[in-house]
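Here, residue 1 is the first one in the sequence, and each next residue gets the next number. When reading the values below, keep in mind they use all heavy atoms of this one structure, side chains included, and skip hydrogens, waters and symmetry mates.
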Amino acid sequence: MSNTTQTINEQDQKSVTNKRYLPLLLVNYGFLFIGSLSSSLLSKYYFNHKGSSRWVSTWVQSAGFPLLIIPIVVPYYLFKSTQRKPFTGFTPKILALSIFIGFMLGVNNLLFSWGNSYLPVSTSSLLLSSQLVFNLILSVIIVKQKITFMNLNCVILLTLSSVLLALESSNDQPHDVTRTKYFIGYLATIGAGLLFALYLPIMEKVYKKVYCYAMVMEMQMVMEVAATVLASIGMVFDGGFTEMKREGYQVFDKGEKVYWATVVSNVVSWQLCFMGTAGMVFLTCSLTGGICMTALLMMNVVGGVVVYKEEFGGVKVVSTVMCGWGFCSYVYGMYVKNKMLKDRDDGGGGGHDSDDKNVGSYNPIEMTQIVNSSSSSSPPLHIGV
């Protein structure tokens, strides 16, 4: 390895000792928190006030992809904080993978919209936590995630919270939704969770070949474009674009201005959610990203109860407590392990074991343009317990 490349790798470590790592991680979790909570509540608001097109609800989840131009071009053209020009190193293989994953994301968005149109926010949110156990299994298979007591304990607790809800689901059926529609919404939500469980480890696998955080946003933009194309095709065949105009003017019971404000707010909130998800997977790992998202479902449950006055009986209380308990135990385990690694690094402990997934090789903000073939032997690793 040349001295130049060695210097780059030393400067561009994606590790807990990197001063830029923690702020970027917190920003992405903030995006995920705000986006997850607001998108869930706004999607339900659309259906509660006589919005009926599931294709419209699917389309708004990805149609805000132009917003991703901001984190892609601003660091290079405005702040001059990176030497990497946008879309540099975007190979045909990465482009093809991004398009394929984007179509998969579009199907996931449709299933989520279908389920959200029939189920209360609190029920659909807790049901989505069922994806965690499949996320763990698929992470082991796809990215060789190590199973530890901490992550297994968290997955079990969060999954049991979903099972508890399922046992009492019949008591939570909305009055204006038939039993058949409720069952369809239940299956669609479970399907969305399972598909997302596959999406996360695939993304982690792909991100191991990505240079920097800016490139993650570039890939995310291509995925959102692909998902939007899929949703737009469905909109055309289902009359969705015409339906949007008719809904806003004649159907939506809060008026046309509120309708379009709801649509625009939904577009922005979903982009924040997906940006946060992509950033969390890149900076940590797919399992950590899935656990963080599932823990946020607890806030969606509370949001549904506060905003829409949904019932919050004993089962939901227990499920919410178990979600919080599982997430806190995981975060504490991750904190302890990362602190041990940081202390070892500060003490000059030398190289890392090959099994460690907690320290990576690249800076999450940028990767300089000088990357030669010898650096490819050091793939970015991820922090996780």
ILVMFWY network linking Val60 to Val251, side-chain heavy atoms under 4.5 angstrom
no

Results of side-chain hydrogen bond (donor to acceptor under 3.5 Å, both in side chains) for Ser265 - residues two or more places apart only:
none

Do Met280 and Met293 pass the side-chain contact (heavy atoms from CB on, under 4.5 Å) test, and can you show the C-alpha distance, the side-chain angles, and the key distance before you say yes or no?
CA-CA 10 Å; Met280 288 295 294; Met293 290 193 67; over 6 Å; no

Would you confirm whether Tyr308, through its side chain, and Tyr45, through its main-chain N or O, come within 3.5 Å as a donor-acceptor pair?
yes

With distance as the sole test, does Ser40 use its side chain to make a donor-acceptor pair with the main-chain N or O of Ser36 at under 3.5 Å?
no

Could you tell me whether the side chain of Ser329 and the main chain of Gly326 form a donor-acceptor pair under 3.5 Å?
yes

Where do Asn151 and Lys146 come nearest, in terms of heavy atoms and distance?
ND2-O, 3.0 Å

With heavy-atom distances below 4.5 Å as the criterion, would you say the side chains of Trp55 and Phe237 are in contact?
no

Looking at side-chain heavy atoms only, is the closest gap between Leu200 and Thr277 below 4.5 Å?
yes

What about Leu152 and Phe134, same hydrophobic cluster or not, with Ile/Leu/Val/Met/Phe/Trp/Tyr joined at side-chain heavy-atom distances under 4.5 Å?
yes

Please assess Gln145 against Ser139 for the test side-chain hydrogen bond (donor to acceptor under 3.5 Å, both in side chains), listing each intermediate value before the final yes or no.
CA-CA 5 Å; Gln145 171 72 45; Ser139 294; 5.5 Å; no

Ring-plane angle category for Phe87 and Phe90, please: parallel below 30°, perpendicular beyond 60°, tilted otherwise.
perpendicular

With a 4.5 Å heavy-atom cut-off, do Met219 and Phe282 have their side chains touching?
no

Applying ring-ring contact (aromatic ring centres under 6.0 Å, His included) to Phe183 and not counting sequence neighbours gives none

To the nearest 0.5 angstrom, please state how far the CG atom of Leu136 sits from the CD1 atom of Ile147.
5.0 Å

4.5 Å side-chain heavy-atom contact, Phe252 and Thr262:
yes

Rounded to the nearest 0.5 Å, how far apart are CG of Leu195 and CD1 of Ile190?
13.0 Å

I'd like a table of donor-acceptor pairs (distance under 3.5 Å, sequence neighbours excluded) in which one partner is a side-chain atom from residues 97-115, with atom names and distances.
residue, atom, partner, partner atom, Å
Ser98, OG, Ile94, O, 2.8
Asn109, ND2, Leu105, O, 3.4
Ser113, OG, Ser57, OG, 3.1
Ser113, OG, Thr58, N, 3.3
Ser113, OG, Thr58, OG1, 3.3
Ser113, OG, Gln61, NE2, 2.8
Ser113, OG, Asn109, O, 3.0

State plainly whether one hydrophobic cluster holds both Val225 and Leu95, where clusters connect Ile, Leu, Val, Met, Phe, Trp and Tyr through side-chain heavy atoms under 4.5 angstrom apart.
yes

Tell me the closest heavy-atom pair linking Ser43 and Asn116, and the distance in Å.
CB-ND2, 3.1 Å

Just jot down the side-chain hydrogen bond (donor to acceptor under 3.5 Å, both in side chains) partners of Ser53, sequence neighbours excluded, or say none.
none

In terms of heavy-atom contacts, Ile69 and Met221 come closest through CD1-CE, 3.5 Å

A side-chain contact here means heavy atoms from C-beta on lying under 4.5 Å apart; do Cys292 and Tyr330 qualify?
no

Name every donor-acceptor pair, under 3.5 Å, that has one atom in a side chain of residues 253-261 and the other anywhere in the protein, sequence neighbours excluded.
residue, atom, partner, partner atom, Å
Asp253, OD1, His49, ND1, 3.0
Tyr259, OH, Glu247, OE1, 2.9

Evaluate the criterion side-chain contact (heavy atoms from CB on, under 4.5 Å) for residue pair Asn266 and Trp270; output intermediate values, then yes/no.
CA-CA 6 Å; Asn266 239 320; Trp270 275 112; 3.2 Å; yes

Which residues pass the side chain to side chain contact (heavy atoms under 4.5 Å, CB included) test with Ile142, not counting sequence neighbours?
Leu138, Leu198, Pro201, Ile202, Lys205

Residues in side chain to side chain contact (heavy atoms under 4.5 Å, CB included) with Val74, at least two apart?
Ile70, Leu78, Phe79

Give the cluster check for Tyr182 versus Leu187: same hydrophobic cluster or not, with ILVMFWY residues linked at side-chain heavy-atom distances below 4.5 Å.
no

Residues which pass ring-ring contact (aromatic ring centres under 6.0 Å, His included) with Phe47, listed by chain and number, not counting sequence neighbours
none

State which residues pass side-chain hydrogen bond (donor to acceptor under 3.5 Å, both in side chains) with Thr228; sequence neighbours excluded, sorted by chain then number.
Ser62

Where do Leu42 and Ser269 come nearest, in terms of heavy atoms and distance?
CD1-OG, 3.9 Å

Strictly by salt bridge (Lys or Arg N to Asp or Glu O under 4.0 Å), give each pair with a member in residues 275-296 just once, sequence neighbours left out.
none

Which pairs would a plain distance check flag for residues 23-35, meaning a side-chain donor or acceptor within less than 3.5 Å of a matching protein atom at least two apart in sequence or in another chain?
residue, atom, partner, partner atom, Å
Asn28, OD1, Tyr213, OH, 2.9
Asn28, ND2, Leu24, O, 2.8
Asn28, ND2, Tyr213, OH, 3.4

Which residues satisfy the ring-ring contact (aromatic ring centres under 6.0 Å, His included) test with Tyr77, sequence neighbours excluded?
none

Close side-chain approach of Tyr332 to Val336, heavy-atom, < 4.5 Å
yes

Is it true that Leu37 and Val264 fall in one hydrophobic cluster, defined by side-chain heavy atoms closer than 4.5 Å?
no

